[in-house]
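What's counted below: heavy atoms across the whole structure, side chains too, no hydrogens, waters or symmetry copies. For this chain, numbers begin at 1 and follow the sequence in order. All figures in this text were calculated on a predicted structure; none of them were measured in a lab.
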Amino acid sequence: MDDYIHPWDERYHALVAKNLMSDVSEPTLYKYPLLNHENIDWRYCHIWLHKQPLPLWSISASLYVFGLDDFFVRLPSLLLSTLSLLITFLIGKNLFNDKVGLLACFFQAINGFIIEITSGRIATDHVDIFYMFFIQLAIWFIIKFYKSRNSLFIVLTGVSIGLAVLCKWLPALMVIPMFMLLGKNVLEKKVILKYAIIILSCCVLVCLPWQLFIAFYYPTQSAMEQVNNFLHLTSVLDGQTGSVFYYLNKIRINYHDLVYVPLIWIIYKCIKHKNKEKLFLLFWIVVPIIFFSISKTKMQGYILFIAPALFIIISAFLYFFYKLQHIKLYIKKVVLLLFILLPVIYCIDRVFVKNYDSSRIAILNLKKNKILLNQNKTVIFNCNNYIEAMYYYNCVAYDFMPSLQQIKQLKDKKYKLYYFENRRYDKLTKIN
């Protein structure tokens, strides 16, 4: 719906993906580091290792095949989030029944938060869609293994976890204890441990080569990103903070206003009946919430991968409630209607009602200067949308005014220098 790339974080992912088209092994934000790019800040650096490469490679492939269009930045996420619906249905069907799976699929399909994050409107965007998909895929392979005892699904589980790590990072490893949990009282402990080691080995074989590659070729940037990953746990980065109840509150806002009722119900069921399938789903939700609640840096997209489990639990609760014999039918229908209407209203509000005109106007004004911005060896200053300028056009852009020394340095290299007199982008002036 939006004919421009969004500020956080889609524009950065789009630009790095565009630059990867010329060299898949060199992820860069500033492809041409004209000025001082020893800065390790992920918003201004040359070598860009702020995110793992798989989503960026996928976006880059989409742009390479279809062209530099905003829609094709989002196409890989659109495909994976759509495939995710099928996996949600299959997990719900196998753990409960087809009605639960179908209702969970419906809740995910109309979820406003997932639609926005798939389309890049919300921070962490495509990276977290990829992360959700591959974690969910690994969980589906676990279920398939215990249904069929086919060892191929053990390998596929490890590969999927490895691909998830290549999307974001190590929290994807929580799938391994989930595998062990579902195997309790089904397989011997030694057999479960053996399979868990195979899963971990396959995961490492998939994700380790890239980590070794960047550690060898980009040691400084790689080391700083490892430090940055750790700092998410101990420090507030980029002003992204919240209380210990941040994520407990966000699951109500982002997934369903009445989500606490099904969660209390499934906790009760797990305590009373010790049902390992329900405990499996609860583990999928509770462990990430606890882990990221302890972490100092908090963003709502970090726990996106628990969404399918939430939708399945909500659907299982509604199925259970509708089957109760002692509750009148009209009460059941009212409750069911309420559970369905609330996310539909929420979807309409998030997807269709919100106004994003300010970002769109800025980009359209920027595009009015297309002829100058698309010249070879052109550098633009005082451009607040500097990332978008480099994505859409063949220029180098900065959001500050240059010093006299920087002007001389660039002019000596025969670059054409311009600056915007204001942030409305209505006047582009040449620096003589």
S.K.: For K276 and K184, indicate whether the former's side chain and the latter's backbone hold a donor-acceptor pair under 3.5 Å.
M.R.: yes

S.K.: Does Y217, at its OH atom, have more than 12 non-hydrogen atoms belonging to other residues, nucleotides or ligands within less than 6.0 Å?
M.R.: no

S.K.: Is there a side-chain contact (heavy atoms from CB on, under 4.5 Å) between L75 and L79? Walk through the geometry before answering.
M.R.: CA-CA 6 Å; L75 181 60; L79 294 174; 4.2 Å; yes

S.K.: For the side chain of K296 and the backbone of T241, is there at least one donor-acceptor N/O pair under 3.5 Å apart?
M.R.: no

S.K.: Please walk me through it: do S295 and L233 pass side-chain contact (heavy atoms from CB on, under 4.5 Å)?
M.R.: CA-CA 4 Å; S295 173; L233 302 176; 3.9 Å; yes

S.K.: Among pairs that include at least one residue of residues 44-59, which meet salt bridge (charged side-chain N to carboxylate O under 4.0 Å, His left out), considering only residues two or more places apart or in two chains?
M.R.: none

S.K.: Are the side chains of F280 and I139 in contact, using a 4.5 Å heavy-atom criterion?
M.R.: yes

S.K.: Quick check against the 3.5 Å criterion: does N374 have a side-chain atom that pairs as donor or acceptor with the backbone of Y393?
M.R.: no

S.K.: Does any part of the side chain of N228, heavy atoms only, come nearer than 4.5 Å to the side chain of E225, both counted from C-beta?
M.R.: yes

S.K.: Supply the atom-to-atom distance C167 SG to Q52 CD, rounded to the nearest 0.5 angstrom.
M.R.: 8.5 Å

S.K.: On the 0 to 90° scale, with breaks at 30° and 60°, tag the Y44-Y386 ring pair as parallel, tilted or perpendicular.
M.R.: parallel

S.K.: Please name the pair of heavy atoms, one in A123 and one in I117, separated by the smallest distance, quoted to 0.1 Å.
M.R.: O-CD1, 4.0 Å

S.K.: Given side chains that start at C-beta, do those of Y12 and L29 come closer than 4.5 Å, heavy atoms only?
M.R.: yes

S.K.: Is any side-chain heavy atom of P262 closer than 4.5 Å to a side-chain heavy atom of H256?
M.R.: no

S.K.: Give me the atom names and distance for the closest heavy-atom approach of S77 to H126.
M.R.: OG-ND1, 2.8 Å

S.K.: Would you say K144 has more than 12 foreign heavy atoms packed within less than 6.0 Å of its NZ?
M.R.: no

S.K.: Please tell me if the side chains of M174 and P288 come closer than 4.5 Å, counting only heavy atoms from C-beta onward.
M.R.: yes

S.K.: Minimum heavy-atom separation for L137 to S160, with atom names?
M.R.: CD2-OG, 3.6 Å

S.K.: Quick check: does any side chain N or O of T157 sit under 3.5 Å from a backbone N or O of I199, one acting as donor and the other as acceptor?
M.R.: no

S.K.: Can you sort out the partners of D128 under side chain to side chain donor-acceptor pair (under 3.5 Å), two or more places apart, ordered by chain and number?
M.R.: T124, K168

S.K.: Before you tell me yes or no, could you show the steps for Y247 and Y302 under side-chain contact (heavy atoms from CB on, under 4.5 Å), namely the whole-Å CA-CA distance, both residues' side-chain angles and the distance that decides it to 0.1 Å?
M.R.: CA-CA 9 Å; Y247 291 108; Y302 286 176; 3.4 Å; yes

S.K.: Show the nearest heavy-atom pair for residues L248 and I251, with the distance to one decimal.
M.R.: O-CG1, 3.1 Å

S.K.: To the nearest 0.5 Å, what is the distance between CG (L95) and CD1 (I91)?
M.R.: 7.0 Å

S.K.: Hey, are the side chains of F339 and V335 touching, using non-hydrogen atoms and a 4.5 Å cut-off?
M.R.: yes

S.K.: Do we see a donor-acceptor contact under 3.5 Å between the side chains of H6 and D125?
M.R.: no

S.K.: Knowing that exactly one of W210, F130, Y64 qualifies, which makes a ring pair (Phe, Tyr, Trp, His ring centres under 6.0 Å) with W57?
M.R.: W210

S.K.: What is the distance from atom OG1 of T28 to atom CG of L15, rounded to the nearest 0.5 Å?
M.R.: 7.0 Å

S.K.: Which of these, W42, Y391, W48, Y398, sits in a ring pair (Phe, Tyr, Trp, His ring centres under 6.0 Å) with Y30?
M.R.: Y398

S.K.: When you look at OH of Y268, are more than 12 heavy atoms from neighbouring residues, nucleotides or ligands closer to it than 6.0 Å?
M.R.: no

S.K.: Can you give me the closest heavy-atom contact between F133 and L80, atom names plus distance?
M.R.: CD1-O, 3.5 Å

S.K.: Without swapping roles, check the side chain of R350 against the backbone of N111 for a donor-acceptor pair under 3.5 Å.
M.R.: no

S.K.: State which residues pass ring pair (Phe, Tyr, Trp, His ring centres under 6.0 Å) with Y392; sequence neighbours excluded, sorted by chain then number.
M.R.: none

S.K.: Tell me, do D9 and H50 make a side-chain contact under 4.5 Å, heavy atoms counted?
M.R.: no

S.K.: Might you work through the side-chain contact (heavy atoms from CB on, under 4.5 Å) test for K333 and L329, ending with a clear yes or no?
M.R.: CA-CA 6 Å; K333 288 183 176 180; L329 183 59; 3.8 Å; yes

S.K.: Got a sec: does the NZ of K31 have more than 12 other heavy atoms crowding it under 6.0 Å?
M.R.: yes

S.K.: Does anything in residues 61-83 pair up under salt bridge (charged side-chain N to carboxylate O under 4.0 Å, His left out), and if so which pairs, sequence neighbours excluded?
M.R.: E10-R74

S.K.: Would the distance check show the side chain of N385 and the main-chain N or O of E388 forming a donor-acceptor pair, the cut-off being under 3.5 Å?
M.R.: no

S.K.: Rounded to the nearest 0.5 Å, how far apart are CD1 of I313 and CG of L281?
M.R.: 5.0 Å

S.K.: Could you report the tightest heavy-atom contact between L56 and A17, atom names first, then the distance?
M.R.: O-CB, 3.7 Å

S.K.: Give a yes or no on whether the backbone of F72 and the side-chain of S62 come within a donor-acceptor separation of less than 3.5 Å.
M.R.: yes

S.K.: Does the ring centre of Y255 sit less than 6.0 Å away from the ring centre of F107?
M.R.: no

S.K.: Quick one: pull up CD in E277 and CG in L182 and give me the separation to the nearest 0.5 Å.
M.R.: 6.0 Å

S.K.: Atom CG in L318, atom CD1 in I340: separation rounded to 0.5 Å?
M.R.: 7.0 Å

S.K.: Return yes if some donor-acceptor pair links the side-chain N/O of T297 with the main-chain N/O of L237 below 3.5 Å, else return no.
M.R.: yes

S.K.: With sequence neighbours left out, which residue pairs that include part of residues 96-109 fulfil the side-chain hydrogen bond (donor to acceptor under 3.5 Å, both in side chains) condition?
M.R.: S84-Q108, T88-Q108

S.K.: Short question: side chain of S201, backbone of I197 - any donor-acceptor pair under 3.5 Å?
M.R.: yes

S.K.: Within the side chain of R11, is there an N or O that forms a donor-acceptor pair under 3.5 Å with the backbone of W8?
M.R.: no

S.K.: Within the structure provided, determine whether V175 and F305 are in side-chain contact (heavy-atom separation under 4.5 Å).
M.R.: no

S.K.: Going by salt bridge (charged side-chain N to carboxylate O under 4.0 Å, His left out), name the pairs with one or both residues in residues 242-253, residues two or more places apart or in two chains.
M.R.: none

